[in-house]
Amino acid sequence: MTYNKLKRIDLIFHEDCECRKVLEKTFSKSNDEIINDILESGLKGRGGAGFPTGLKWKFTAEQPSDERFVICNADEGEPGTFKDREILFRVPSKVFSGMAVCAKVIGAKKGYIYLRGEYRFLLPELRKALDAFHRDIKDLIDFEILIQMGSGAYICGEESALFESMEGKRGEPRNKPPYPTVAGFKNKPTVINNVETLVYAFMICKHGPMRFKELGTSDSRGSKVFSVSGDTPIAGIYELELGMSLDNFVEEFGDGDTKAVQVGGAAGFCVPRKKFRETIIGFEGVPTGGSMKVFNSSRSMYNVLHNYLGFFEEESCGQCTPCRVGCQQLIKGVEAVKKGEKKAVYLDQLLKLSETMKLASKCGLGQSVANSFSSIVENFREEMIY
Amino acid sequence: MDKSINLKIDGVDVQIEAGKTILDAARAINVQIPTLCYHEDLCVAGNCRVCVVEVTGAKTLVASCAMPASDGMDIHTNSLKVRSARKNVIELLLSEHNADCTNCYKNKKCELQDLASEYKTSGEQLFIDLVHMKNYTVDAFSPSIIKDDSKCIRCQRCVRTCEELQHVSALGVAYKGDKMKISTFFENSMYDVVCTNCGQCINRCPTGALIERNYVDEVWDAILDDKKHVVVQTAPATRVALGEDLGVETGQIVTGKMVTALKRIGFDSVLDTDFSADLTIMEEGTELLTRLKKALVDKDPTVKLPMATSCSPGWIKFIEHTFPEYLDNLSTCKSPQQMFGALAKTYYAQKRNIDPASIVSVSIMPCTAKKFEADRPEMRSSGYKDVDYVLTTRELARMIKQGGLDFGALPETRYDSIMGESTGAAVIFGATGGVMEAALRTAYEIVTGREVPFENLNITPVRGMEGVREATIKIEGTVPEWNFLEGAELKTVTAHGLTNAKLVMEKVKTGEADYHFIEIMGCPGGCIGGGGQPIPTNMEIRKKRTEAIYREDAGKPIRKSHENPEVIAIYKEFLGEPLSHKSHELLHTHYKERQRY
Ligand SMILES: Cc1cc2nc3c(=O)[nH]c(=O)nc-3n(C[C@H](O)[C@H](O)[C@H](O)COP(=O)(O)O)c2cc1C
Ligand code: SF4
Ligand code: SF4
Ligand code: SF4
Ligand code: SF4
Ligand code: FES
């Protein structure tokens, strides 16, 4: 096998961490210098929304408050995403260190890791590593990290639902504004970052912003950890430079018969073969939190869509109308078209509905259902009907 | 930091103070944006999404109820995107909704129906009917409340009401996604959980998902049965709100018209709960003074102070669940409704020479908890069910409509006798602080032989809409019998809404406050804001009703309970004196500890 087109990167999983040394070096800088490094690197959030990490930290630091928090979002619920698990398993101290840097910058004394309920098996090792880390940095910074278990709802990965869940309430997204930088956990200014984002922030502290900035494109700096699954002979976790074309990706990961790639999980977009060449993986093209699901021609795209819609129908928190009822209507609607109970033009009604969901839903879940729905229905309309 | 914000809505410039929402700004210039989950009394949920508007430059539409207005915003409330989203949202709600309007108690009083009537033009359902795929259930076990999930639009107004206003949290959200629903602890019936039956959730439910159990047909049947003698009592707060459901302006006193309507409907005797409210003051005022005497003079350690009022059955059930260790602090007096009921089938029956078995006793209440109260096993001191049917103000309005009466045009008449006479002190029972004020008017006079030292008897420190109001009354110039109270300061506290009740009880529990007398009403504003009152409710409406209550008091020739001639007569002829053996038998009760979930 030759990996010639895609550039493999080894920032995240590189074992030689030297966390204490890097932290010492970083803490010798001023907060402004650290923020500027992160801003300079161009790092954007790896959890999906792609908000510039440096800005997030800066806004939180500037918000007047007696207390601030840093939270590591390890809920990893997006179908087909399993890279945060690997990061936490293999290099937990880099995650902790990233949180510590953020804590110093924003002035947080407490940090939390919100760990996906299904990842409970990571807990013993994580606790051990955390104890060691706490011992290691005791004299450097007054900062403690706690682990909070999630209970298995996809929506609790959404930041404001996550706060609600941490506060012991039902995991329902809040109205925004206020944003977490102003009022997050316990209504205090909070940085919430994806696991991977925090590690990259730390890597930027270690290597300087240029090492990261040189990678990727102007809109999508750096590299990213991908979870590759589906009809691929080499499923697994890969750290790759951002900005690759899907064409190149499929050449390397496909099985020679790739029909479509779902980029970004259920909440992401389905790209059909005819668009591989023009599709860039990154914020300027099709963004992804890491999930890359490859489908070959044996797959029914109706089944794929049905599966996603079933997921959303169940995982919607249920509070807002467009998402709660919209998801039910989309799945019942495609079923009805498939069975011939509704005419094919009903799909257009459903496309309009998905547009309403995108525009009127309260949170990112309902807003993103249209991504997979419209990209699959529009590109594979025939499969929806026959 | 009173900054003002300038924005544009549908091309019109608006200026509004900082911190207001787009919805506030739109309302300020009379632009109507539909809403469902929004309610003035509650925190903003932003979940129904019918109020979405377009903000130029924003990626998505925004919920106008939740989005703060900010400088330079250019807002469109009727753009193509907005209209399409709004229509879709309404259609989505209807696709999940058992829109069985002609069989629905809320027909023509439903916010969802209103929206449908404005936006449905095609005559067909846009989306697939989901109702038959759901296992919707109806909870009809409670004597007060019926919860029909098939009518629920999941706006969570009820959940917020129960949590924010009442601190009960009997209702919550269960499950997620398509299964998401409003439910109770372990999905038990409302009857089996901490629900206090206050009905505040009913007042704020936009649809027919939460309604009172109604007894309109049963009452008609009794009226139309020649063998039954049907007496009706009307609570203080009904007379300042009933009109709202019958086309009369908010805040009008409609006592005389209501009495006429009840007579025309065919009740055999139209009487007044205000009579038994005056009686309550005699009993409760004496009870307070007796407790004070036992505590201060006899140093009796078993006497419980502070003493708390007991006329609000929502409050009673709340304390039974939440602070059962304080049940002995409750006055043992029954509520005026139940005092009346017990007397209707004893004193009244004797005086009128009617077989109590043939009496049907009906009450018109601003309250849904009174339905539960009437059903309590303790409430059978006459040997019968003391109050047979409790109707809300809303149910009475319905009966008046069914009776074919033109309410606005009715002449005014007076209550029948006996048990129809009342004072200004009784009518103010309808507003928060009223029982306190009425009790003080009487107790002060018993102790000092003089009227309370407030202009026109208006004890203003205990009035108002503040959630918790503390007031101290100094007792001076006592008559010999009560001179142990000379110079004493009577510490009172008045609270309304169960959230405030909880605050007061917590202060009592921690010892932070040393009150003597506590008045608590379960509903915001007191009974004028009761769960059985006309819908809608908000602060402005409650204020208008309250003002009407105090106008009614001010206009009464007698304003002190102990001067009510019928009250004087009943003690002479029947009860003896306050707290007599007979009083205890008929007018007092006891309480029951209940579980906490
Ligand atoms: C339905 C939903 C689920 C989400 N799940 C996750 C998740 O599992 N992990 C994650 O890091 N971010 C998740 N997000 C994104 C978070 O809300 C948030 O944007 C992110 O944690 C911010 O971190 P970042 O700036 O480092 O990307 C989710 C968002 C939505 C709408
Ligand atoms: S969009 Fe879906 S998940 Fe988000 S708040 Fe609405 S119902 Fe809940
Ligand atoms: S709740 Fe409203 S829309 Fe639903 S059936 Fe009743 S009146 Fe009709
Ligand atoms: S009746 Fe009152 S206590 Fe019961 S659920 Fe409704 S608001 Fe809560
Ligand atoms: S019961 Fe009524 S108030 Fe409660 S969520 Fe349903 S529709 Fe809204
Ligand atoms: S009224 Fe604004 S979202 Fe419901």
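Being a predicted model, the structure only gives us computed values, none of them experimental. Note on naming: letters A, B, ... go to the chains in the order of the sequence lines (proteins, then strands), and numbering restarts at 1 for each one.
- Separation of atoms CD (A/Q328) and NZ (B/K179) is listed at 8.5 Å; rounding is to 0.5 Å.
- Around atom CZ of B/R83, no more than 12 heavy atoms belonging to other residues, nucleotides or ligands sit under 6.0 Å away.
- A distance of 7.5 Å separates CG of B/L92 from OG1 of A/T356, quoted to the nearest 0.5 Å.
- Listed here is the closest heavy atom pair of B/D178 and A/E314: OD1-CA, 4.3 Å.
- No part of B/V50 comes within reach of chain A, as not one of its non-hydrogen atoms sits under 4.5 angstrom from that chain.
- Neither the backbone nor the side chain of A/E341 comes within contact range of chain B; no heavy atom of the residue lies under 4.5 Å from a heavy atom of that chain.
- For the pair B/S95 and A/Q329, the tightest heavy-atom approach, listed with the atom from each and the gap, is OG-NE2, 2.9 Å.
- When heavy atoms are compared at a cutoff of 4.5 Å, B/L36 does not approach chain A at all.
- Distance check, rounded to the nearest 0.5 Å: CD of B/Q156 to SG of A/C320 gives 11.0 Å.
- Taking CZ from A/R324 and CZ from B/R154, the interatomic distance works out to 5.0 Å, rounded to the nearest 0.5 Å.
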(request) Show your reasoning for whether side chain to side chain contact (heavy atoms under 4.5 Å, CB included) applies to A/Q319 and B/V173. (result) CA-CA 9 Å; A/Q319 71 163 314; B/V173 179; over 6 Å; no
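- Contact record, A/K332 with B/L130: CG-CD2, 3.9 Å, taken as the closest heavy-atom pair.
- Contact of B/V89 with chain A is made through backbone and side chain together, with heavy-atom distances under 4.5 Å.
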(request) Start with the C-alpha distance between A/V325 and B/F127, add both sets of side-chain angles, then the distance that settles side chain to side chain contact (heavy atoms under 4.5 Å, CB included), and finish with yes or no. (result) CA-CA 10 Å; A/V325 198; B/F127 299 120; over 6 Å; no
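- For chain A, the option among B/V52, B/I128, B/N88 with the highest count of heavy-atom pairs below 4.5 Å is B/I128.
- Residue A/K342 touches chain B through its side chain alone, counting heavy-atom pairs closer than 4.5 Å.
- Listed options A/K176, A/E315, A/M357 were ranked by heavy-atom pairs under 4.5 angstrom with chain B; first place goes to A/E315.
- The two residues A/A153 and B/K176 come nearest to each other via the heavy atoms CB-CE, 4.0 Å.
- Proximity to chain A at a heavy-atom threshold of 4.5 Å picks out B/K59, B/T60, B/L61, B/A66, B/M67, B/P68 from residues 55-77 of chain B, in numerical order.
- Annotation for A/T321 and B/C48: closest pair OG1-O, 2.9 Å, computed over non-hydrogen atoms.
- Of the two parts of A/C317, only the backbone, made up of N, CA, C and O, holds a non-hydrogen atom closer than 4.5 Å to a non-hydrogen atom of chain B.
- If you take CD on A/Q349 and CD on B/E91, they are separated by 8.5 Å, rounding to the nearest 0.5 Å.
- With hydrogens and angles ignored, the 3.5 Å screen pairs a side-chain donor or acceptor of A/K362 with a backbone N or O of B/A45.
- The contact between A/E172 and chain B is made entirely by side chain atoms (from C-beta outward), counting heavy-atom distances below 4.5 Å.
- Within a 6.0 Å sphere centred on NZ of B/K181, other residues, nucleotides and ligands contribute more than 12 heavy atoms.
- Atom-to-atom distance recorded for B/K87:NZ and A/K352:NZ is 10.5 Å, nearest 0.5 angstrom.
- Contacts between A/Y346 and chain B at a heavy-atom distance below 4.5 Å involve the side chain alone, from C-beta outward.
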